[in-house]
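Heads up: the structure comes next, in structure tokens.
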2 protein chains.
Amino acid sequence: MIAARRKPSAELSREVILDAAAVRLAREGSCGMSMRDLAGTLGCALSSVYNHFPSKDVLLQELQERAFETLTASARRAMEGASGTSGRLYLFITNHVRYVVDHRDVMSVLVHEAGRLGPEGRARVRARKEAYFGIAHALVAELCSAGPDRASQVAVERLTYHLFGMLNWLWGWYVPDRHGEVALVAGDIYALLLARAGPLPPAHPTPEAP
Amino acid sequence: MIAARRKPSAELSREVILDAAAVRLAREGSCGMSMRDLAGTLGCALSSVYNHFPSKDVLLQELQERAFETLTASARRAMEGASGTSGRLYLFITNHVRYVVDHRDVMSVLVHEAGRLGPEGRARVRARKEAYFGIAHALVAELCSAGPDRASQVAVERLTYHLFGMLNWLWGWYVPDRHGEVALVAGDIYALLLARAGPLPPAHPTPEAP
DNA sequence: TCTTGTTGTACGAGCGTTCGTTCGGCCAAG
DNA sequence: CTTGGCCGAACGAACGCTCGTACAACAAGA
């Protein structure tokens with residue numbers, strides 16, 4: 001009698017919950033977001049969230065897993081557009097930059113809450129992350145035509161980490177309207193990497209003597 | 001009679017508390033570290049911590065303020081060793097890399113908990129951060145001999161952000177024993193930047209057509 | 001030298017609040 | 001009538017923080 005308590009339009013689902021969780025997590029951190037706040041954002045009861053996820057940890061873990069899978073899949077799809085190594089790298093970078101712009105909240109969670117999981121969840125997420133990292137690593141290695149010696153291997157690894165440093169830092173500052181469109185930023189990072197990536201490693205550069 | 005409850009060797013001070021807090025904060029995040037845990041780590045009572053800091057927020061804020069002041073001061077001191085722009089940039093980078101190695105915990109806090117403050121504390125920390133950012137920004141601008149036009153300005157800003165992306169990402173992966181000593185990594189980043197930084201901006205590089 | 005008052009730091013106990021999670025019942029769709 | 005999704009209510013635990021107190025160190029007056 002007292003009107004319908006059920007909201008027929010709600011359509012509560014795992015996807016909807018994950019999307020809302022990403023927003024709150026990005027804004028307040030994994031420990032700052034309470035399950036009550038999340039339920040409030042969703043306009044449903046606290047226990048309804050627990051009908052779809054058995055715990056907060058699982059929710060956080062699934063969010064990260066999906067993000068890395070989406071990222072990996074979209075990267076592979078994007079790279080089909082080019083055959084050469086440098087072209088594929090450019091498309092990889094562009095895809096990542098676009099992902100940061102389109103899913104800033106998720107990206108923030110990926111950067112901040114990586115280690116806030118149990119050992120089992122962390123392992124699952126890490127596997128996805130390494131798969132994604134591996135794509136870029138292989139491209140950089142090809143681009144540097146790195147030898148099998150340890151020095152070259154480590155140099156390539158460092159270069160790949162630097163690439164991800166630039167890419168992952170974007171969430172903290174990049175605003176397309178202020179800093180230029182996606183293609184511009186992607187071009188920046190691509191150019192930085194390409195200018196450096198020749199036969200590696202050149203002698204360690206010591207600038208003009210102190 | 002019941003023996004001395006006071007620990008004469010404890011010497012609880014703000015410095016000691018901040019150091020311990022950095023370790024816990026890096027491991028568990030600002031919301032994961034409880035004041036009780038911190039007191040436990042210090043081997044003192046919870047209320048004793050509150051004798052030195054009025055609140056958790058103030059503690060977190062002071063930790064970040066001190067970190068940026070230390071970072072800025074050590075950068076200025078390090079850069080006195082060179083006169084040219086590129087030499088100063090190299091020393092700036094080296095100083096930052098060394099700081100990450102020596103104060104990994106603090107660095108982790110700086111990256112993760114930047115936005116977890118009240119509006120007033122955030123403003124104070126931001127001011128310090130911008131002072132530090134400004135040093136690198138000026139160096140990059142000089143190095144690029146950037147013109148006053150908006151396109152150049154934005155390009156320099158992007159380049160500076162990319163520099164900090166590489167530098168700040170270090171905390172997550174860099175292990176000197178595995179990836180080479182500080183001078184090697186600093187040389188990497190320096191070379192990446194220098195190879196790119198000429199008269200800016202060169203035409204946007206579109207790699208071989210898709 | 002002894003006493004006395006003040007100050008700074010440490011302490012245990014406990015305040016009110018919020019956390020993640022659970023549970024039993026209700027209601028509409030099948 | 002069954003069932004799956006949703007709800008309000010409540011659990012114990014942990015949270016940030018405060019309170020009144022206790023003890024050492026020091027300075028001044030006697």
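Letters A, B, ... are given to chains in the order of the sequence lines, protein chains preceding strands, and every chain is numbered from 1. In what follows, every heavy atom counts, from backbone to side chain, and hydrogens, waters and symmetry copies are set aside.
Checked by atom type, the side-chain pair A:Thr41/A:Arg24 shows a donor-acceptor distance below 3.5 Å. B:Gln61 and B:Glu65 are linked by a side-chain donor-acceptor pair at a separation below 3.5 angstrom, with hydrogens and angles left out of the test.
Interatomic distance, NE2 of A:His96 versus CE of A:Met166, reported as 11.5 Å (0.5 Å rounding).
The side chain of A:His52 contributes an N or O atom lying less than 4.0 Å from OP1 or OP2 of D:dC6.
Between C:dT21, D:dG16, D:dC7, one nucleotide has an atom nearer to the side chain of B:Lys56 than all others, and that is D:dG16. Taking only side-chain atoms of A:Arg36, from C-beta outward, the nucleotide of C:dG20, D:dG8, D:dG16 with the closest atom is C:dG20. Of all nucleotides listed (D:dC7, D:dC17, C:dG20), D:dC17 comes nearest to the side chain of B:Ser55. Considering only the side chain of B:Tyr50, D:dT18 comes nearest among D:dC15, D:dA10, D:dT18.
Against DNA chain C, the stretch residues 21-35 of chain A makes heavy-atom approaches under 4.0 Å through A:Met33, A:Ser34, A:Met35.
In this pair, A:Tyr174 and A:His179 present their aromatic rings tilted. The plane angle is within the 30 to 60° band.
Each of B:Ala45 and A:Asp37 lies near DNA chain C, and the nucleotide nearest B:Ala45 is the one positioned closer to the 5' end. Between B:Asn51 and A:Asp57, the residue anchored closer to the 5' end of DNA chain C is B:Asn51, taking for each the nucleotide with the nearest heavy atom.
Whole-Å rounding puts the B:Leu46 CG to C:dG14 P distance at 15 Å. One can place CZ of B:Phe53 at 12 Å from P of C:dT9, the figure rounded to the nearest angstrom. Atom CG in A:Leu38 sits roughly 14 Å away from atom P in D:dC6 (whole-Å rounding).
You'll find the ring centres of B:His162 and A:Trp173 inside the 6.0 Å limit.
With B:Phe92 as the fixed residue, the ring pair (Phe, Tyr, Trp, His ring centres under 6.0 Å) test singles out one of B:Tyr99, B:Phe133, B:Tyr190, B:Tyr132: B:Tyr132.
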